[in-house]
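All remarks here apply to the structure that follows.
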Amino acid sequence: MAQITAAMVKSLRDQTSAGMMDCKKALNETDGDLEAAADWLRTKGIAKADKKAGRIAAEGLVAVALAPKIGAVVEVNSETDFVARNEAFQSAVSEIADLAVTVDSTEELAAAKTASGENVKDHLTTLVGKIGENMSLRRMARLTVSEGAVAGYIHNSVTEGMGKIGVLVALESAGDVAKLEELGKKIAMHIAATNPLALTVDDLDQDLVAKEREMLKAEALESGKPESIVDKMVEGRMVKFFKESVLMTQIFVMDGERSIEQVIADESKALGSDITMTGYVRMGVGDGIEKKEEDFAAEVAAAVKGA
């Protein structure tokens, strides 16, 4: 049996970020072989990660990465907001966002190679073993333009390029790219604030439109007015719904006067070049995830009792 020295333990800890006792145990298990001990720790880390995989991860970070004519936004989840402020987690999210610029889907991103040599999915699994919380790549989106710019914005920024809400805006135009990026960022900030349902009326989910119309009709009928009057009331209220819910007809939050469509038209004139907004993405941390409410004090008490 090889003698395990403090220097060996420290070296393994520096290499793997595992705890001192875990490093010592790994070296004992592998007769002092540093490489084998690192593999042993990784294996144990994966085992720990598997146990944590069923736990709800609804916190985390959204990150935006931009390149000429391309933008990507990713959501990487963790169990707590505390981990979202961990430098190792942030570094991983930043690298994942940069990789997202080069792929077309979340599945491709999960399989993309990181600087560690692992793919994104395995890299996060290794990180679970080190940090001790479940985390996962939830989704990504990418926008491109053939000419023009893709602009991005992070709301509630935690660090550079990542935070709680990420927005991308794609503008097709032959105009000045810097001006387009400036316009795109302003529109992205508007989108972060208003969370529109669609770019245009035609892009709205028709099931959602039908449900809204039915609800408004039921409300109008409660007034006791004739159905012919009710129908006119409903159409008037639907116009208001479209104006408030569709990006192009929303009033720009930065001036409170012009619609987004008019803002783009005015900028087109100023640049002397047509501008077409071809798409946007708004991604918020934990959107649609049912969060489990935890009694933290009870959880700590249970952990102490089971220790």
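Scope of the values below: all heavy atoms of this structure, side chains included, with no hydrogens, waters or symmetry mates.
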Exercise. Under the 3.5 angstrom rule, does the side chain of Thr106 hit a backbone N or O of Met140 as a donor-acceptor pair?
Worked result: yes
Exercise. Is a side-chain N or O of Glu244 found less than 3.5 angstrom from the main chain of Phe242, in a donor-acceptor match?
Worked result: no
Problem set entry | salt bridge (Lys or Arg N to Asp or Glu O under 4.0 Å) between Lys211 and Asp207, intermediate numbers included | CA-CA 6 Å; Lys211 184 177 180 180; Asp207 288 340; over 6 Å; no
Problem set entry | Beyond-backbone contact of Val167 with Val281, side-chain heavy atoms, under 4.5 angstrom | no
For this session: Please check if Leu143 and Met283 belong to a single hydrophobic cluster, counting links between Ile, Leu, Val, Met, Phe, Trp and Tyr side chain heavy atoms closer than 4.5 Å.
Result: yes
Exercise. Any Lys/Arg nitrogen of Glu235 or Arg213 sitting under 4.0 Å from an Asp/Glu carboxylate oxygen of the other?
Worked result: yes
Exercise. If only atom types and distance count, is the side chain of Thr30 paired as donor or acceptor with the main-chain N or O of Ala26 below 3.5 Å?
Worked result: yes
For this session: May I ask you to decide if Val253's main-chain N or O and His190's side chain share a donor-acceptor pair within less than 3.5 Å?
Result: yes
Problem set entry | Between Thr276 and Thr278, a side-chain donor and acceptor under 3.5 Å | no
Exercise. Considering residues, nucleotides and ligands other than Arg258, do more than 12 of their heavy atoms fall under 6.0 Å from its CZ?
Worked result: yes
Exercise. Any donor-acceptor pair under 3.5 Å linking the side chain of Glu181 with the backbone of Val150?
Worked result: no
Exercise. So, does Ser91 use its side chain to make a donor-acceptor pair with the main chain of Glu87 at under 3.5 Å?
Worked result: no
Problem set entry | Evaluation steps, side-chain contact (heavy atoms from CB on, under 4.5 Å), between Val64 and Ile154 | CA-CA 7 Å; Val64 164; Ile154 290 290; 3.7 Å; yes
Problem set entry | Nearest non-hydrogen partners of Ile165 and Val62, listed with the distance | C-CG1, 4.3 Å
Problem set entry | Crowding at CD, Glu261 (>12 non-hydrogen neighbours, <6.0 Å) | no
For this session: Using distance alone, with no hydrogens and no angle criterion, decide if Asp122 and Thr125 have a side-chain donor and acceptor under 3.5 Å apart.
Result: no
For this session: Let me know which of Leu247, Ile260, Thr249 forms a side chain to side chain contact (heavy atoms under 4.5 Å, CB included) with Pro196.
Result: Leu247
Exercise. Going by atom types alone, do Ser273 and Ser173 pair a side-chain donor with an acceptor below 3.5 Å?
Worked result: yes
Exercise. Are Val145 and Ile70 close enough, and set up right, to give a side-chain contact (heavy atoms from CB on, under 4.5 Å), and what steps lead you there?
Worked result: CA-CA 7 Å; Val145 293; Ile70 304 173; over 6 Å; no
Problem set entry | Donor on one side chain, acceptor on other, Asn86 and Gln90, under 3.5 Å | no
For this session: Evaluate side-chain contact (heavy atoms from CB on, under 4.5 Å) for Met254 paired with Met189, printing each intermediate quantity in order.
Result: CA-CA 9 Å; Met254 290 189 181; Met189 292 170 75; 3.6 Å; yes
Problem set entry | Worked verdict on Leu171 versus Val169 for side-chain contact (heavy atoms from CB on, under 4.5 Å) | CA-CA 7 Å; Leu171 299 173; Val169 168; 4.0 Å; yes
Exercise. So, Arg282 side chain and Ile191 main chain: donor-acceptor pair closer than 3.5 Å or not?
Worked result: yes
Problem set entry | Residues in salt bridge (Lys or Arg N to Asp or Glu O under 4.0 Å) contact with Asp33, at least two apart in sequence or another chain | none
For this session: Could you verify whether a donor N or O on one side chain and an acceptor N or O on the other, from Ser146 and Glu172, lie under 3.5 Å apart?
Result: yes
For this session: Using the test side-chain hydrogen bond (donor to acceptor under 3.5 Å, both in side chains), find all partners of Arg139 that sit at least two apart in sequence or belong to another chain.
Result: Glu75
For this session: Might you confirm whether atom CG of Asp274 has over 12 heavy atoms from other residues, nucleotides or ligands at distances under 6.0 Å?
Result: no
For this session: Please say whether more than 12 non-hydrogen atoms of neighbouring residues, nucleotides or ligands are located less than 6.0 Å from NZ in Lys164.
Result: yes
Seminar exercise, completed: Between Val201 and Val246, the two heavy atoms sitting closest are N-CG1, 3.6 Å
Exercise. When you measure from the side chain of Ser136 to the backbone N and O of Asn77, does any donor-acceptor pair fall under 3.5 Å?
Worked result: no
Problem set entry | Distance-only polar pair, side chains of Glu118 and Thr126, donor-acceptor under 3.5 Å | yes
For this session: Kindly say whether Ala72 contributes a backbone atom to a donor-acceptor pair with the side chain of Arg142 at under 3.5 angstrom?
Result: no
